[in-house]
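Below is one structure; the comments refer to it alone.
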Amino acid sequence: MPEPDKALLRKAVARAVAGLTATGRLTIVEVAADAMTVFRIHRDDNGRPRCHYWSLSWGDLTSEHGWGDESPRQAVLRAADLPSADEVVLVCSFPDGAEASRVLGWLSEERPAAVHPVDGPVTAIVEDVLASDPLSRSYDLVVMRADHPSGRLRLGSKQLFPIGAVPGTRAEVTVRCEPGDEYGTAFAVVTWQGREPRLLSVHSARLTPGRYLLTAELMRPGKVRFTGLGELTRDPRDWSDLVAAAPSQLPPRTGPAHLICAVEVCGPDAKVEERLSRVRQVVSFLSAELAGLLRVSLVAYGAHSYDDRSQGEHPVEVAAWQVAPEHALAALEPLEERGAITEGYPYYPHAAQLEDMLDAVARRLSTSEHMRTVLLTVGDRPPHPVRANRSLILPCPHPHDWQSLLSRVQRRPDTLLAAICDRRDASAHPAWRQLGADAVAHLDALDIRGLATDLGLSAPAALPIPFPLLDETE
C-alpha cells in the first residue's frame, strides 16, 4: 500500500535534515495556490536544526512591473536563492494551478529535484521534523569532579544524551550540590566542537546542600527538561561567567578534635554566667560543625585563699574529660546553676588558679593522642607566679610554674592555645597573650565561627560552587 504524500514528504525532509553538515543549508520551496514559501534550514553552533522562512505572493513574484528590470523567472529564482543551498526539496500543494506549474518549472530547471505533491501546508511537517530530529552531537551536563584526597576541583561533563538520541529519551544522574552563589546551582548543558564546549542552555536552582537524583529528558533538539530539583529558572550567565565562578579547591576538611574548655568561675556572678554561656555556645557550635569528630573536656577553676580563717579553698574541678559534646553540656549545667564560687572566702582578688588548672590539664593529656587539641581558657585574672616577684601577686601555694606548664601543653603535637578574655587587649594581663597564643577573642564581642576557623576546627566559609559535583570515581 503506497504511503500518503505527507508521509513521503516527511521522510524526504527528515533525510535531508539528517544529512545537514555544520555549514550546510537545506532549502524547501513550497509552491501553493497563491504564494511561494521558502524554508531555509541550517544547524547552529550546537548542531541544532534551525529554520526561518518567508512567503511571497504570485502577484509580487510574477508581475512584469513589480521587480524592476527582472523577469518573473529571475524574481522567483532570486527569492528562492537556490544556488546557496546544499540540497533542495520542492513541494507543490496546488498541482493544478497554472502559475504554480510555471514556477515549479523554473525551479526545477535551476536545481533539478523531485517534486513532492502534498495536500495541505508544509509548515507543520517541517516543524515536526525539526522537533524530532535525532541529536547530531551529544548533550552533556556540566559538572565539577572532586578529588577528595587533594581537595582539587576540576570542571568536566557527564553525558546525558549520545549522538542519535531522539526526543523522549531520559537519563538519570546522581549529583551532590554544595552551597551555590546568588543564582544557586547551575545545570548547564553543553555540546562539544572539538575540545571546546558550546553552551546550549543553563538553568539554576537554589538547593539545600546534599545528594540529588537528577532526571533529564530530551524534549526536542536544544531543550532538556530536568526533574528532581524543584523549581529551575533561566540563568542569564554566559559560559565565561560560569567558568570564572568555579573554585579550584574544596574547602579544607576538619578532622577529630579535642576541645578543653577551662573557665574561671570566681568573680562577679554576671561575669561567671557570661563566661559559662560562651562555653556553651562554643561547644554547641563545634558539635554541629564536627558532628561525631569532637570530644570535649570541661575544667572550672577559681581563686586561692590565703586567709587562715577560711574553711579551705575550692579546688580545680575537672567536670568532664574527653566526652561527647552532649555529655559536656550536661556537665556544664551544675556549674551554671551554682554560678560564682564562694567557698574559701575571702579569696585572693588579684589572680586565679590558672597555674593549678594548667597542671590538671597537663597531667591528663596523653602523648599518644593523635588529634587536634585546643585549650580554650575563658576568664580575666592572671595566674599566680611560682615565687614572689615584682608583680606583687602572691605566689602559688602549691607551687606551680604556669609558664613551664603552659609550654608543656603547647609542645604537644597539633596543640593550640586559645583564650576568651573579659578585658580588651590593652587592659588584659600579658599572660593572656600567651594563653591565647593562637587565637584571642573578647568576651563581649565573640565571633565563634571566626575563632573556630582560626583554630582549624571549622572550615572557612566555602566558596560557592556553581555546578553540581560528581565524585572522581563516577
Side-chain angles (χ1 to χ4, degrees), residues 10-28 37-54 85-87 89 121-143 155-173 175 183-205 214-243 466-468:
R10 192 191 184 288
K11 280 188 175 182
V13 173
R15 178 193 56 77
V17 169
L20 274 176
T21 63
T23 58
R25 295 206 298 177
L26 166 66
T27 298
I28 302 171
T37 301
V38 181
F39 300 85
R40 183 61 46 77
I41 302 172
H42 70 284
R43 293 194 183 275
D44 64 13
D45 290 342
N46 294 111
R48 172 177 44 178
R50 308 304 291 264
C51 176
H52 67 283
Y53 62 93
W54 61 92
D86 290 352
E87 186 166 355
V89 175
V122 176
T123 305
I125 295 174
V126 172
E127 290 177 348
D128 179 57
V129 168
L130 300 188
S132 57
D133 182 53
L135 297 186
S136 61
R137 296 183 189 175
S138 66
Y139 283 9
D140 290 8
L141 176 69
V142 178
V143 297
L155 205 59
S157 64
K158 174 75 172 178
Q159 187 179 90
L160 296 175
F161 307 112
I163 294 173
V166 297
T169 303
R170 294 188 175 190
E172 288 187 344
V173 183
V175 297
Y183 297 97
T185 302
F187 294 85
V189 180
V190 296
T191 62
W192 294 87
Q193 182 69 32
R195 293 180 176 270
E196 294 299 319
R198 294 190 179 274
L199 188 62
L200 177 71
S201 65
V202 55
H203 292 79
S204 292
L214 171 67
T215 300
E217 182 179 2
L218 179 62
M219 306 302 292
R220 61 173 183 270
K223 182 174 177 59
V224 177
R225 182 176 69 183
F226 293 107
T227 55
L229 297 169
E231 184 178 359
L232 285 160
T233 57
R234 186 174 296 278
D235 193 314
R237 290 175 290 182
D238 61 21
W239 178 246
S240 61
D241 293 332
L242 290 166
V243 172
F467 298 108

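Keep in mind that what you see is a predicted model, and the values were worked out from it rather than measured.
Interatomic distance, OG1 of Thr27 versus CG of Asp86, reported as 8.5 Å (0.5 Å rounding). Distance check: Arg137 CZ to Thr191 OG1 gives 5.0 Å after rounding to the nearest 0.5 Å. Here CD1 of Ile125 is found 13.5 Å from NZ of Lys11. Values are rounded to the nearest 0.5 Å. Taking OG from Ser201 and CZ from Arg234, the interatomic distance works out to 7.5 Å, rounded to the nearest 0.5 Å.
At a threshold of 4.5 Å between non-hydrogen side-chain atoms, the residues Trp239 and Arg198 do not count as touching. Counting heavy atoms from C-beta on, the side chains of Asp140 and Gln159 come closer than 4.5 Å. By the 4.5 Å heavy-atom criterion applied to side chains, Val190 and Leu199 are counted as neighbours. In this structure, Glu217 and Met219 have side chains that are in contact, with non-hydrogen atoms separated by less than 4.5 Å. Contact annotation: the side chain of Phe226 never approaches that of Val173 to less than 4.5 Å [non-hydrogen atoms, C-beta and beyond]. Between Leu200 and Arg48, the closest side-chain pair of non-hydrogen atoms falls below 4.5 Å. Within the 4.5 Å cutoff, no side-chain heavy atoms of Leu141 are placed close to those of Val224. Val126 has its side chain within reach of Ile28: a pair of non-hydrogen atoms, C-beta onward, lies under 4.5 Å apart.
Minimum heavy-atom separation, Ala131 to Pro167: O-CG, 3.1 Å. Heavy atoms only, all atoms of each residue included: Ser136 and Gly47 are closest at OG-O, 3.0 Å. Of all non-hydrogen atoms in Val129 and Ala14, the two that sit nearest each other are CG1-CA, 3.7 Å. Between Pro221 and Ser132, the shortest heavy-atom contact is CD-N, 4.5 Å. For Thr21 against Gly24, the heavy-atom pair with the smallest separation is OG1-N, 3.0 Å. Counting all heavy atoms, side chain and backbone alike, Phe467 lies closest to Ala188 at CE2-CB, 4.2 Å.
Only one option out of Ile41, Val38, Val122, Thr37 pairs with Tyr53 in a side chain to side chain contact (heavy atoms under 4.5 Å, CB included); it is Thr37.
Within the 3.5 Å criterion, the main-chain N or O of Ser240 finds a donor-acceptor partner in the side chain of Asp238. Although no hydrogens or angles enter the test, the distance criterion places no donor-acceptor pair under 3.5 Å between the side chain of Arg237 and the main chain of Val243. Side-chain atoms of Thr169 never come within 3.5 Å of backbone atoms of Leu218 as a donor-acceptor pair (strictly under, hydrogens ignored). Arg43 places a side-chain N or O within donor-acceptor distance of the main-chain N or O of Val17, the cut-off being under 3.5 Å.
Under a 4.0 Å N-O distance rule, the pair Arg15/Glu87 qualifies as a salt bridge.
Using bins of under 30°, 30° to 60° and over 60° for the plane-to-plane angle, the ring pair His52/His42 lands in the perpendicular bin. Ring orientation note: the planes of Tyr139 and Phe161 are nearly perpendicular, at an angle over 60° on the 30°/60° scale.
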>> One pair to check against side-chain contact (heavy atoms from CB on, under 4.5 Å): Phe187 and Thr185. What are the steps and the verdict?
In response: CA-CA 7 Å; Phe187 294 85; Thr185 302; 4.0 Å; yes
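No more than 12 heavy atoms of other residues, nucleotides or ligands lie within 6.0 Å of CZ in Arg220, so this atom counts as exposed by the packing criterion.
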